[in-house]
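Dropping a structure here in structure tokens format, bear with me for questions.
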Amino acid sequence: MKNSNYCIIMAGGIGSRFWPVSTSNTPKQFIDMLGLGKSLLQLTYDRFKKIMPPDNILIVTSDKYKNLVLDQLPEVKPENVLTEPIRRNTAPCISYANFVIQSRTKNANVVVTPSDHLIIDEEAFVSNIKTGLGFVSARDVLLTIGIKPTRPDTGYGYIQLNEKSDVDERFNKVKTFTEKPNAELAKFFVESEEFLWNSGIFLWSAENIQEALSTHLPEVYNLFAEGRNKFGTKEERDFINKVYSESKNISIDYGVMEKAKNVYTLCADFSWSDLGTWKSLYENSKKTTTKNVITGSENVIVNNTHDCLIHVPPDKIAIVNDMENYIIVDSGDALLIHRFEKEQEIKEIVNDIKREFGEDKA
């Protein structure tokens, strides 16, 4: 019997907050950020191979990263790597991949996931995804995986819980979405115990998300629907180049999830981080007795230094003295020394580097 479960792995981001290790030429999803011998993309792919056949896993990425994907995932067929000519956020990305899936399997169920998450307890993750697929396959619903907050983080979106599902109390109706609140509001959300973090992992049937896109984001849906008969043919590439040049830049959260009335959430049983910043990597890494995280080289000596993340190339010697709460990252070509509490500035610094030194340096 054919497996009708599919996965869309979104792998087109540039990971600018992890500069200088993550660059526009080799973004963080293609890097072994955790020191496990595999890139974040490879870890994501391996997780979903436990849930569905490899042929049912699609990777959506930039044109310029297609060869990186195929190098890192040699068992993936080239036709399962869908490339975007320009970045247009998650709604066009999902629309594209969903039409490809429907051209292959009309009654498919779909998981959409970023390529750069840290998942601890993969057994619980696999169980949750299978539970979610069962839920969406039998109902006219859109599902998001929610994460129980451990702190009032302003870098995550939040989901407000509504009543429990009358058919399965593991699922709650979603009342509201709030994207990256300020510190005061995030504190209120966590203390109220009515909110979960939005993981950015979505599950639905291909048919239901098509219906939601056509209802809430028709300007995107209609563009892709014009090429319904082109997906999987030689005409697909030219059509996609044209559509992306015309499509608006919008996320699936803003375009659909915040508007739809049939959105549910499942609170995850696994630990999670979106690994969006050096701080998140620090928090999820093994620390020394002085609360430093040291990766890359074994030739690092620290004196009177604590609560720092230090990454230098394997062949380099580094001496770090009298530092507290700093990010110290040497990529070989570039060096970053930056206070943790001002980490949100790194993205703007990368934009400055592009203007000053060119795209290839960022």
Side-chain angles (χ1 to χ4, degrees), residues 8-34 38-45 58-73 81-97 112-118 155-157 179-180 199-201 240-241 244-245 247-254 273-282 284 295 309 311 327 329-336 338 342-362:
I8 301 168
I9 300 177
M10 300 181 292
I14 58 174
S16 58
R17 290 184 175 88
F18 272 108
W19 188 86
V21 169
S22 175
T23 66
S24 58
N25 289 326
T26 310
K28 65 173 177 174
Q29 62 267 28
F30 301 108
I31 298 171
D32 178 13
M33 299 296 299
L34 301 169
K38 290 188 176 183
S39 71
L40 296 176
L41 173 63
Q42 290 170 321
L43 293 171
T44 303
Y45 179 77
L58 306 182
I59 296 94
V60 187
T61 191
S62 166
D63 282 344
K64 69 185 291 188
Y65 304 144
K66 182 172 184 176
N67 288 337
L68 270 174
V69 172
L70 292 172
D71 286 345
Q72 293 202 353
L73 304 176
V81 182
L82 310 181
T83 62
E84 301 176 296
I86 49 178
R87 298 175 69 218
R88 282 290 184 259
N89 218 313
T90 55
C93 165
I94 290 167
S95 297
Y96 176 18
V112 179
T113 180
S115 58
D116 53 4
H117 285 180
L118 168 64
Y156 294 152
E179 184 66 19
K180 296 182 181 179
S199 71
I201 301 172
I240 287 300
N241 288 340
Y244 268 77
S245 69
S247 178
K248 69 189 301 183
N249 185 330
I250 188 168
S251 72
I252 199 73
D253 302 75
Y254 284 124
S273 171
D274 76 345
L275 287 185
T277 63
W278 286 114
K279 184 70 171 179
S280 64
L281 182 63
Y282 173 86
N284 288 284
T295 62
L309 184 147
H311 175 88
I327 305 161
V329 179
D330 183 348
S331 69
D333 296 323
L335 174 65
L336 173 72
H338 199 83
K342 295 185 177 181
E343 185 180 30
Q344 295 304 320
E345 298 174 358
I346 292 176
K347 188 171 184 178
E348 186 55 41
I349 290 170
V350 172
N351 290 333
D352 292 340
I353 291 168
K354 289 178 183 177
R355 287 190 292 268
E356 186 73 20
F357 303 108
E359 189 82 23
D360 288 346
K361 299 299 183 182

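Since this is a predicted model, take the numbers as computed values, not measurements. Below, each value reflects all heavy atoms present in this structure, side chains not excepted, and no hydrogens, waters or symmetry copies.
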CG-OG distance between Leu68 and Ser62, expressed to the nearest 0.5 angstrom: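 With rounding to 0.5 Å, CG (Leu68) is 10.0 Å from OG (Ser62).
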Under the criterion side chain to side chain contact (heavy atoms under 4.5 Å, CB included), I'd like the reasoning laid out for Val112 against Met10: C-alpha separation, chi angles, the key distance, then a yes or no. CA-CA 7 Å; Val112 179; Met10 300 181 292; 3.7 Å; yes
Can you check whether Ile346 reaches Trp278 side chain to side chain, under 4.5 Å on heavy atoms?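 Side-chain contact under 4.5 Å: yes.
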Which atom pairs, one a donor and one an acceptor, fall under 3.5 Å between side chains of residues 352-362 and the rest of the protein, sequence neighbours left out?
residue: Asp352; atom: OD1; partner: Arg355; partner atom: NH2; Å: 2.2
residue: Arg355; atom: NH2; partner: Glu348; partner atom: OE2; Å: 3.3

What heavy-atom pair brings Gly15 and Ser22 nearest, and what distance separates the two atoms?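 Taking Gly15 first and Ser22 second, the nearest heavy atoms are O-OG, 3.0 Å.
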Quick one: are Val69 and Phe30 in side-chain contact, heavy atoms under 4.5 Å?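 Side-chain contact under 4.5 Å: yes.
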I'd like to know if the side chain of Gln72 reaches the main chain of Gln42, judged simply by a donor and an acceptor atom lying under 3.5 Å from each other, with no hydrogens or angles considered.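 Not confirmed, Gln72 side chain does not pair with Gln42 backbone.
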Partners meeting salt bridge (Lys or Arg N to Asp or Glu O under 4.0 Å) with Lys248 (sequence neighbours left out):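 Lys248: salt bridge (Lys or Arg N to Asp or Glu O under 4.0 Å) contacts with Glu219.
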Just by distance, do the side chain of Ser16 and the backbone of Val350 share a donor-acceptor pair under 3.5 Å?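 Absent.
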I'd like to check the salt bridge (Lys or Arg N to Asp or Glu O under 4.0 Å) partners of Asp330; sequence neighbours left out, ordered by chain and number.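 So Asp330 forms a salt bridge (Lys or Arg N to Asp or Glu O under 4.0 Å) with Lys316.
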So, taking the atom named NZ in Lys347 and the one named CD1 in Ile14, what distance separates them when rounded to the nearest 0.5 Å?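 One finds 7.5 Å between NZ of Lys347 and CD1 of Ile14.
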For Asn25 and Tyr65, work out which heavy atoms get closest and say how close.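 Shortest heavy-atom contact: O-CE2, 3.9 Å.
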For Lys38, what residues pass the salt bridge (Lys or Arg N to Asp or Glu O under 4.0 Å) criterion, not counting sequence neighbours?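 With neighbours one apart ignored, the set is Asp46.
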Would you give the length of the straight line joining atom CZ of Phe18 to atom CD1 of Ile31, rounded to the nearest 0.5 angstrom?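 Separation between the atoms: 9.0 Å.
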For Ser115, enumerate each residue passing the side chain to side chain contact (heavy atoms under 4.5 Å, CB included) test, keeping only those at least two apart in sequence or located in another chain.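 Partners of Ser115 by the side chain to side chain contact (heavy atoms under 4.5 Å, CB included) criterion, ordered by chain and then number, come out as Ile9, Ala11, Gln29, Leu41.
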May I have all residue pairs that pass salt bridge (Lys or Arg N to Asp or Glu O under 4.0 Å) and include part of residues 13-33, sequence neighbours excluded?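 Qualifying pairs: Lys28-Asp116.
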Under the side chain to side chain donor-acceptor pair (under 3.5 Å) test, residues paired with Ser199 that sit two or more places apart: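 For Ser199, no residue satisfies side chain to side chain donor-acceptor pair (under 3.5 Å) once neighbours in sequence are set aside.
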Can you give the donor-acceptor pairs under 3.5 Å from side chains of residues 81-97 to other protein atoms, not counting sequence neighbours?
residue: Thr83; atom: OG1; partner: Asp63; partner atom: OD1; Å: 2.7
residue: Thr83; atom: OG1; partner: Arg237; partner atom: NH1; Å: 2.8
residue: Glu84; atom: OE2; partner: Tyr244; partner atom: OH; Å: 2.6
residue: Arg88; atom: NE; partner: Tyr244; partner atom: O; Å: 3.2
residue: Arg88; atom: NE; partner: Ser247; partner atom: O; Å: 2.9
residue: Asn89; atom: ND2; partner: Asn249; partner atom: OD1; Å: 3.4
residue: Thr90; atom: OG1; partner: Ile252; partner atom: N; Å: 2.8
residue: Ser95; atom: OG; partner: Ala91; partner atom: O; Å: 2.9
residue: Tyr96; atom: OH; partner: Glu236; partner atom: OE2; Å: 2.6

With sequence neighbours left out, what residues match Ser273 under side chain to side chain contact (heavy atoms under 4.5 Å, CB included)?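 Applying side chain to side chain contact (heavy atoms under 4.5 Å, CB included) to Ser273 gives Leu118, Tyr156, Leu275, Ser280, Asn284.
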According to ring pair (Phe, Tyr, Trp, His ring centres under 6.0 Å), who are the partners of His338, at least two apart in sequence or on a separate chain?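 His338 satisfies ring pair (Phe, Tyr, Trp, His ring centres under 6.0 Å) with no other residue.
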At what distance, to the nearest 0.5 angstrom, does CG of Asp333 lie from OG1 of Thr23?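 Here the interatomic distance stands at 9.0 Å.
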So, taking the atom named CD1 in Ile327 and the one named CG in Leu309, what distance separates them when rounded to the nearest 0.5 Å?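 Between atom CD1 of Ile327 and atom CG of Leu309 there are 7.0 Å.
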Which residues pass the ring pair (Phe, Tyr, Trp, His ring centres under 6.0 Å) test with Trp19, not counting sequence neighbours?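 Per chain and number, Trp19 pairs via ring pair (Phe, Tyr, Trp, His ring centres under 6.0 Å) with no residue.
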More than 12 heavy atoms from other groups under 6.0 Å of NZ on Lys64: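 Counting neighbours around NZ of Lys64, more than 12 heavy atoms of other residues, nucleotides or ligands fall under 6.0 Å, so yes.
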